[in-house]
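These notes concern the structure reproduced below.
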There are 2 protein chains.
Amino acid sequence: MQADSALARELRHHYLFCALTEAQQLRLLATAVPRRLAAGERLFSRGDSAAQFFLLRSGCVKLYRLSPEGSEKIMRLIRPPQTFAESVLFMDVPCFPVSGEALDAAELIAFDRETFLGILRESFATCRAVMAHMTRRIQAHWDEIETLALENSRYRVVHYLLGLVPRDAQGQLTVTLPARKSVIAAHVAVTPETLSRTLRALSDEGLIEVAGEAVTVRDVERLRRHMH
Amino acid sequence: MQADSALARELRHHYLFCALTEAQQLRLLATAVPRRLAAGERLFSRGDSAAQFFLLRSGCVKLYRLSPEGSEKIMRLIRPPQTFAESVLFMDVPCFPVSGEALDAAELIAFDRETFLGILRESFATCRAVMAHMTRRIQAHWDEIETLALENSRYRVVHYLLGLVPRDAQGQLTVTLPARKSVIAAHVAVTPETLSRTLRALSDEGLIEVAGEAVTVRDVERLRRHMH
DNA sequence: CGGCTGACTTGATGCGCATCAAGGCGCAAC
DNA sequence: GTTGCGCCTTGATGCGCATCAAGTCAGCCG
């Protein structure tokens, strides 16, 4: 049980698990299935029936939707140690509302839906943690809907960059884009061309410097003020 | 307690309340405050601290956000007997993430956050109902994000119209817009001008007929096929 | 080294929708 | 009636971003 106890240690501080008793954690781990994905491998497709949700341990996973014409909107970029697809927990006919695919080689754990539901029944604290988590997600969605509806592409790119810097950061600071630029583009709902042009414009204005996947913000405060 | 028992009857089938015991319902009702709004009156503003969530009994309420330039995106149009602002239940520092305003004269009930949280603790069935409800909302958000990111204004208008017709409807059918056209426009994220032009185009193509707030869909199936 | 490939950049063009600006039309006040 | 006011419609114009099309550059492999 070496691997399992390492996993248990990993989970100790995760919002979904930290309120569980030792026994409940063990019960959950007993049905957890480790999984390994190659870069570009698909984990599930939108509409697939779902009996599991996932925890990412390493690598990067994108959750996305495709338009009928084939253009892609990335709904979330998952990074360790995030969980995803928890929403299938509470659906009457559980199936994935988005597709999921590994961007890099990835390691993850699949948890059994029914087992977790059974545990939830015994732990109001975890219920409440789940609900708080869902609330935060809903807020994030509202922010995104507002941004898509009311703001232009430049704003969205700046907003995304600022999302990469720590809350309390100031002054100069370098961040690393979590994925290829075309992936970032699909995430902020612009074309790669527009993203490229926007970054160039920001860099011409002295607000940022771009070197491959490394973006250095010259002055976080100024960039924040810059979004209106 | 005449009014209260009428209210209790109203609530009997609402997802938030139907799993509660008689005693719990009474406890909740004891802290419920009826409220009446004039047309155009604001119920809360984005950022206001929140100790209550609401049930709409009559009228129509919009939940919206404003861009710094003053343009408005309506996030939800609330109709009886929907509840709203439940998300404040689970926030650490509870405050409204959107503004809320009555479109018509409206009657509603304000429920106390803390009281309901206390009841939730005792009712896993209600917890689960809340989580299922939040899951549906999240799905709806994803649909909206996808639509905003990948589809054009014509698609969004058609999609909205189709959302007004019953799931199993077919053939010809007349629906009533739930609000003024400019409100619908702010809801589907277009300008009133564009909404007007889109409706006219659809009507020129024989897909719909518009007479004030009454829109008759000539052939539901055809309109459904029409969205790609 | 040279040639290939895939990701990004840059430029030219066009379309969709917002914006600005007039009308039309219903409705209430008087 | 007529005046005024919202709301909606219609038209003219312009900008933002997608699209299409080269061109650049880095990495990789023969």
Side-chain angles (χ1 to χ4, degrees), chain A residues 39-40 60 62 66-74 103-104 146-161 176-204 208-215 227-228, chain B residues 39-40 60 62 66-74 103-104 146-161 176-204 208-215 227-228:
Chain A
C60 185
K62 69 172 177 185
L66 297 176
S67 79
E69 293 81 25
S71 44
E72 174 185 79
K73 171 67 171 75
I74 295 181
L103 288 173
D104 313 323
E146 179 186 16
T147 301
L148 285 170
L150 300 178
E151 307 291 351
N152 60 20
S153 71
R154 181 190 173 98
Y155 181 100
R156 294 206 299 278
V157 170
V158 172
H159 187 80
Y160 179 80
L161 289 179
T176 305
L177 299 180
R180 277 182 295 112
K181 291 207 180 88
S182 58
V183 169
I184 309 294
H187 193 33
V188 298
V190 298
T191 58
E193 293 95 326
T194 298
L195 175 61
S196 177
R197 281 187 253 264
T198 305
L199 290 177
R200 158 138 290 255
L202 291 171
S203 138
D204 285 351
I208 63 173
E209 279 170 25
V210 182
E213 300 212 327
V215 177
M227 321 207 323
H228 302 128
Chain B
C60 184
K62 69 172 178 185
L66 298 176
S67 79
E69 292 80 24
S71 44
E72 172 185 80
K73 170 67 172 76
I74 295 182
L103 288 173
D104 313 323
E146 179 187 15
T147 301
L148 285 170
L150 299 177
E151 307 292 351
N152 60 21
S153 70
R154 181 188 173 100
Y155 181 100
R156 294 206 299 277
V157 170
V158 173
H159 186 80
Y160 179 79
L161 289 178
T176 305
L177 299 181
R180 277 182 294 112
K181 291 207 179 88
S182 57
V183 169
I184 308 294
H187 193 33
V188 297
V190 298
T191 58
E193 293 95 325
T194 298
L195 175 62
S196 178
R197 282 186 253 262
T198 304
L199 290 177
R200 158 139 288 258
L202 291 170
S203 137
D204 285 350
I208 63 174
E209 278 170 24
V210 181
E213 300 212 329
V215 177
M227 320 206 324
H228 299 131

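Just so we're clear, the structure is a prediction, and the values are computed from it rather than from any experiment.
Annotation: the span from A/Tyr160 atom OH to A/Thr198 atom OG1 amounts to 14.5 Å, rounded to 0.5 Å.
Rounded to an integer number of Å, the gap from B/Leu148 CG to C/dA18 P is 12 Å. When rounded to the nearest whole Å, the span between CG of B/Leu199 and C1' of C/dC17 equals 15 Å. Whole-Å rounding puts the A/Leu195 CG to D/dC17 P distance at 12 Å. For A/Asp204 and C/dT10, the CG to C1' distance is 12 Å, given to the nearest whole Å. Summarising the geometry, the separation between CG on A/Leu150 and P on D/dG16 is reported as 17 Å, rounded to the nearest angstrom. Computed from coordinates, the B/Glu213 CD to D/dG6 P distance equals 18 Å when rounded to whole Å. As a whole-Å value, the separation of B/Glu69 CD from C/dT19 C1' is 14 Å. Residue A/Glu151 contributes atom CD, which lies 14 Å from atom P of C/dA18 at whole-angstrom precision.
One side chain, B/Ser67 or B/Glu69, offers a donor N or O that lies under 3.5 Å from an acceptor on the other.
Contact annotation for B/Ser153: backbone-only contact, meaning every heavy-atom pair under 4.0 Å involves sugar-phosphate atoms and none involves a base.
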Worksheet item: Stepwise, does the side chain to side chain contact (heavy atoms under 4.5 Å, CB included) test hold for B/Thr147 with B/Val188?
Response: CA-CA 10 Å; B/Thr147 301; B/Val188 297; over 6 Å; no
Report the C-alpha separation of B/Leu202 and B/Arg154 in whole Å, then their side-chain angles, then the decisive distance to 0.1 Å, and conclude whether the side chain to side chain contact (heavy atoms under 4.5 Å, CB included) test is met. CA-CA 9 Å; B/Leu202 291 170; B/Arg154 181 188 173 100; 3.6 Å; yes
Side chain to side chain contact (heavy atoms under 4.5 Å, CB included) evaluation trace for B/Val210 with B/Lys181: CA-CA 11 Å; B/Val210 181; B/Lys181 291 207 179 88; 4.1 Å; yes
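Not a single donor-acceptor contact under 3.5 angstrom links the side-chain atoms of A/Arg197 to the base of D/dG16. Residue side chain A/Glu193 reaches the base of D/dC20 through a donor-acceptor N/O pair under 3.5 Å, judged by distance alone.
Between B/Thr194 and the phosphate of C/dC17, there is no side-chain N or O to OP1/OP2 separation shorter than 4.0 Å. Residue B/Ser196 places no side-chain N or O under 4.0 Å from the OP1 or OP2 atom of D/dC8. Contact annotation: B/Arg200 does not reach the phosphate of D/dT9 (side-chain N/O to OP1 or OP2, under 4.0 Å).
Listed nucleotides D/dC8, D/dT19, C/dC8 differ in distance to A/Ser182; the shortest reach to its side chain belongs to C/dC8. With C/dT10, D/dA18, C/dC17 as the choices, the nucleotide that has an atom nearest any side-chain atom of B/Asn152 turns out to be C/dC17.
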